[in-house]
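Comments concern the structure below.
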Amino acid sequence: MAAQDSPREQWGSKLGFVLAAAGSAIGLGNIWAFPYVVGSNGGAAFIIIYLLCVAVIGLPVLLAEVLLGRTTQRNPVGTFKSLSKSKFWHSVGGMGIVAGFIILSFYAVVAGWSFGYIIEAARGVFFDFSNPSDAQIHFDSLTGNPLWIVGMLFVFMVITMSIVLSGVRKGIEKGSKIMMPILFVLLIAVMVRGITMEGSSEGLKFLFYPDWSKISGTTVLVALGQAFFTLSLGMGAMLTYGSYMSKKDNVVSSSLEIVVLDTSIALVAGVAIFSSVFAIGLDPAEGPGLIFHTLPNVFTRMAGGYIFSILFFILLFLAALTSAMSLLEVVTAYFVDELKWSRKKAVLILGSFALFLGIPSALSFNLLTDFKLFGLTFFDLTFYITFNIMLPLGGFLISIFVAWIWGLDKAVVELQKGAESLFEKGSWRVNLWRIFLKFFAPVLIFLVLLNSIGVLDMITDLF
Ligand code: TRP
């Protein structure tokens with residue numbers, strides 16, 4: 001039966017939507033990327049810019065995406081098709097599908113590491129380390145092994161595919177309700193252990209005392225990319241999840257809850273990791289391996305560290321899994337809805353394709369380290385193109401579309417459904433959203449994008 005013939009599924013409750021969307025948002029972006037991106041971009045000053053990006057750009061765009069999906073009850077391409085006749089806007093939906101596909105390919109590589117680390121933790125290898133740097137050496141030897149890294153990528157992708165195959169919504173909604181609270185508790189435990197380590201205060205200083213001299217145009221670009229990535233914005237993932245939402249539920253409060261959950265998890269992960277990085281004397285700017293180099297050292301120093309280490313990597317894996325499922329779900333929804341593929345065919349073909357595309361990313365850490373395109377390895381290149389370009393560009397176009405093409409008046413009518421109480425209390429919040437979506441978000445994203453391709457430098461050079 002074609003997807004249209006059956007009634008479209010909906011979340012069981014508003015809480016179900018919030019936790020599933022938080023499950024998509026909370027993932028490697030919070031626990032793996034946020035700490036190392038903060039570490040490589042100077043600490044506190046970066047965090048402040050990131051928080052501003054989340055509040056001024058992320059939240060308004062998140063609202064716009066969820067609202068678009070809930071209004072049309074369709075996938076990204078279908079949404080633009082039902083609201084506009086222009087091919088240009090249809091292709092914006094298409095760009096989201098492509099971005100989701102590329103993100104999934106490199107995301108699964110790192111998610112595979114988290115899976116592999118469950119095995120390392122269970123084997124107790126962390127307890128054989130005699131020196132903090134042994135954790136780094138161990139990580140390098142694992143990722144340096146093409147068989148290990150491709151094997152873990154394969155396992156992770158197959159698990160993701162099998163869940164999306166057998167109906168994600170119930171899986172995601174139920175799974176997220178159980179997994180998210182446990183993840184939060186565990187992270188807090190790791191954070192407490194981190195803070196109580198001797199020498200951890202340097203880490204807190206790094207996180208909370210801004211050094212503005214470390215901020216450049218690139219920093220702002222990275223902060224914006226991080227805001228989009230961590231909230232799963234700019235490619236229609238939140239739009240797709242919003243399309244399963246009922247008009248009785250409040251889009252505004254749901255979006256706010258997602259942002260608060262996502263941001264607090266990132267900050268807790270930041271504190272947990274930086275207190276121990278400084279206590280152990282590691283380099284905060286060492287890049288993608290950061291959590292795998294630091295956390296094993298924290299586990300060996302905490303009571304119950306063996307159990308905690310296994311649980312932690314299981315949860316990291318599950319957090320990554322709920323995010324990867326949302327990426328594959330968007331791509332699948334498009335092929336099922338618009339091209340009338342069966343769900344099975346879509347998941348098997350698209351998942352295998354993403355797996356295939358993930359292989360050169362995985363090999364970027366060993367066989368292909370010296371193979372560079374535009375000076376970047378394949379992994380770094382796919383990361384850069386989506387994180388720094390496609391997601392901000394997608395967010396820019398979505399805000400332009402809602403504010404200027406679909407029109408804010410129509411959008412506000414939709415926004416009001418399920419959020420009547422908010423409107424009764426006065427409309428200043430709604431007006432704020434209008435202004436942010438119409439002017440702030442597009443202008444700021446545009447400037448950041450211009451800067452990233454060097455146009456602003458050229459202009460300032462003229463003066
Ligand atoms: N937000 C997830 C994370 O932080 C990753 C993710 C899932 C994502 N779906 C997305 C990123 C869609 C961008 C777009 O790990």
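Counting from 1, the numbers follow the sequence of the chain as shown. In listed order, ligands and their atoms are each counted from 1.
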Practice task
Below 4.0 Å from any atom of ligand 1, which residues have a heavy atom? Give them in chain and number order, please.
Solution key: S24, A25, G27, L28, G29, N30, I103, Y107, F229, T230, S232, M235, A237, S323, S326, L327, L391
Problem - Between W113 and Y117, ring centroids under 6.0 Å - result: no
Practice task
Taking atom types as modelled, find out whether T72 and T79 have a side-chain donor-acceptor pair closer than 3.5 angstrom.
Solution key: yes
Distance-only criterion, 3.5 Å: show the donor-acceptor pairs between side-chain atoms of residues 92-112 and protein atoms not counting sequence neighbours.
residue, atom, partner, partner atom, Å
S105, OG, I102, O, 2.7
Y107, OH, L28, N, 2.9
Y107, OH, S323, OG, 3.4

Exercise for the section: Indicate whether the side chain of T219 and that of N41 have a donor and an acceptor atom separated by less than 3.5 Å. Expected result: no
Exercise for the section: Looking only at non-hydrogen atoms, find the nearest pair between C53 and A227 and report the distance. Expected result: CB-CB, 3.9 Å
Problem - Pairwise side-chain contact, M238 with L231, heavy-atom cut-off 4.5 Å (strictly under) - result: no
